[in-house]
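Read the structure below first, then the notes.
Just so we're clear, the structure is a prediction, and the values are computed from it rather than from any experiment. Heads up: numbering here begins at 1 and tracks the sequence. Note: hydrogens, waters and symmetry copies are ignored here, and every other heavy atom, side chains too, is used.
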Amino acid sequence: MEEKVWQFMQKQEMITEKDRIVAGISGGGDSMALLFLLQKLQKRCGFALCAVHVNHGIRGEEAALDEQLVESYCAGQGIPFWSFHYPVPEIARERKWSQEEAGRKMRHKAYGEVMRDWKGTKIALAHHKNDQAETVLHHLARGCGLRGIAGILPVQGRVIRPFLCIERKEIDHYLSENQIPFRTDSSNRSDRYIRNRIRNHVVDYLENHVNSAAVEHLAKTAGIAAEADAYLSAQAEKTLRRWGQSFPGGIRILSGLQGEPHILQIYVLMAAVEQLCGLRKDLSGERLEQILGLFSRETGKQIPVHAELHARRDYDGIVLEIREKKEVLSRSQMWELPVQGQILCGEDRWETRIFEYKFQKIPEKTYTKWFDYDRIKTTLQIRNRRPGDYLVVNARGGRKKLKDYLIDEKVPRKERENLVLLAADREILWIVGMRISEAYKITESTRRVLEVKYQGGRRSE
């Protein structure tokens, strides 16, 4: 099993010897097997490893024993250990989340804190093929497209899932073979949670009465769907650049989009909404069809997309527009951008990483940018406009006052005040949502890349 997982990790490019892995460890069999296996793989790759445990405040003494097991194991193995306690039922009630959702968000909050304090680079979780099968079935039952069928991704941002290539029965054998200590969560037997009902009744029935390889086939289907979704997403980005016109707070999609295949039109809409509002929004197929239907409606007709966004017909096509534009930063606010980390600025999240440039394809994304790291000589700040700001606008080093540049680009005065900037003193590296400085673009002589990703409450990728 170790070799199988290692080959999978290599194929998915999950890990390097420079990584610092934050492993989410509950104390159950899956996560303890993952921790044990990662320890062994350290001998091959040399990455750093720590463990994070989250007590959800649900199972009382049983949860305390889980925590003790993980802490004791880590102490015996010399693994750095963090433990977090959250009153998940109370948080779920206050924020009107399900307990499952609240637990997941609190776990990722804990992982994020350790990533920041320990300077972690990846988060390793123990999801496996059975989890994948349960997720796909859950999404199908609720109604979904290709993204839902794709289920859990092996690599998702900084999260890696080394066990997505194996089934639970393989993990059980590995636990027994290596005498790895673990505890069984009694709540896994309860039908209170949807996932448990799918696991204990639906998957069990499929394996015993339909096809014994049901989990394997569902996981394989998820992989195919993920590839198809990734391809269509990439095509949608290209198509959006052809038929989309961005402006502060909105995107106009020209009528020419109607000549593209229908599935691509749907993906273009999803790409536009994601670009405007940040993370992928849960839009139904019916709502997406209603938006496309505006092409055949009269000018001025509009429909709500969700709480943040509306769509309207204009002379040239469909306009997707933020309902209310909020000021992102005040004049007095400024943050230092961390290198190899993340920071929350109000509602806006920034993530950075540095890597060696080997002539990889530069992403053509509005809210993810690459900079030549070796040309950056001072601390970078996240802020809005200041007097004296300037932008390098050509390869010869020609400068233009930011104010003049924005006027030339016909950016409305109100929008200028709300722009978010990445700056080095008075020099602007990036007008977020627009362009970057010519002085820091990737060239053939670039050795190291600084990738900066912006995820705003209303804008990002």
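- At least one test fails for Lys453 against the ring of Trp350: distance under 6.0 Å to the centre or angle within 45° of the axis.
- Residues Val392 and Arg435 share a closest heavy-atom pair of O-NH2, 3.9 Å.
- A salt bridge links Glu3 with Arg44: at least one charged nitrogen is closer than 4.0 Å to a carboxylate oxygen.
- The backbone N or O of Glu207 lies less than 3.5 Å from no partner atom in the side chain of Ser212, so there is not a single donor-acceptor pair.
- A 4.5 Å side-chain heavy-atom check between Leu337 and Val339 finds every atom pair outside the cut-off.
- Salt-bridge check for Glu100 with Arg104: failed, with every basic side-chain N at 4.0 Å or more from each acidic carboxylate O.
- Taking 4.5 Å as the limit, some side-chain heavy atom of Arg242 sits within range of a side-chain heavy atom of Glu260.
- Put simply, the side chain of Gln258 never gets that close to the backbone of Leu254: no donor and acceptor are under 3.5 Å apart.
- Between Tyr357 and Phe359, the ring center distance clears the sub-6.0 Å criterion.
- Checking side-chain atoms of Thr352 against main-chain N and O of Val452 turns up no donor-acceptor pair under 3.5 Å.
- Remark: Gln10 CD is packed, more than 12 non-hydrogen atoms of other residues, nucleotides or ligands lying under 6.0 Å away.
- A donor-acceptor pair under 3.5 Å is formed between the side chain of Ser255 and the backbone N or O of Asp316.
- Looking at Ser246, its side chain never comes within 3.5 Å of a backbone N or O of Ile251 through a donor-acceptor pair.
- Under the 3.5 Å distance criterion, the side-chain polar atoms of Asp389 are left unmatched by any main-chain donor or acceptor of Arg385.
- Salt-bridge check for Glu321 with Arg312: passed, with a basic side-chain N closer than 4.0 Å to an acidic carboxylate O.
- The closest side-chain heavy-atom distance from Asn130 to Lys169 is not below 4.5 Å.
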Practice item. Tell me, with the steps shown, if Lys129 and Glu134 meet salt bridge (charged side-chain N to carboxylate O under 4.0 Å, His left out). Key: CA-CA 9 Å; Lys129 281 185 177 179; Glu134 294 158 15; over 6 Å; no
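- Panel note: side chain Thr446, backbone Ile442; no donor-acceptor pair is recorded below 3.5 Å.
- At least one donor-acceptor pair closer than 3.5 Å links the side chain of Gln132 to the backbone N or O of Ile152.
- Nearest heavy atoms, Pro154 versus Phe8: CB-CZ, 3.8 Å.
- Annotation for Glu17: atom CD does not count as buried by contact number, only 12 or fewer foreign heavy atoms lying within 6.0 Å.
- Lys401 and Asp404 are not joined by a salt bridge, as no carboxylate oxygen comes within less than 4.0 angstrom of a charged side-chain nitrogen.
- Taking the ring axis of Tyr390 as reference, the NZ or CZ atom of Arg399 stays within 45° of it and closer than 6.0 Å to the ring centre.
- The only option from His128, Gln12, His127 that meets the side chain to side chain donor-acceptor pair (under 3.5 Å) definition with Arg161 turns out to be His127.
- Counting heavy atoms from C-beta outward, Ile149 and Leu140 have side chains that approach closer than 4.5 Å.
- At a threshold of 4.5 Å between non-hydrogen side-chain atoms, the residues Leu380 and Trp430 do not count as touching.
- More than 12 non-hydrogen atoms from other residues, nucleotides or ligands lie less than 6.0 angstrom from CZ of Phe247.
- Note that Arg383 lies outside the cation-pi zone of Trp335, set by a 6.0 Å cut-off to the ring centre and a 45° limit from the axis.
- A side-chain donor-acceptor contact under 3.5 Å links Arg313 to the backbone of Phe295.
- A 6.0 Å sphere centred on OH of Tyr373 holds no more than 12 heavy atoms belonging to other residues, nucleotides or ligands.
- Using a distance-only test at 3.5 Å, with no hydrogens or angles considered, no donor-acceptor pair links the side chain of Asp117 to the main chain of Val114.
- For Glu286, the CD atom is loosely surrounded, since the number of other residues' heavy atoms within 6.0 Å does not exceed 12.
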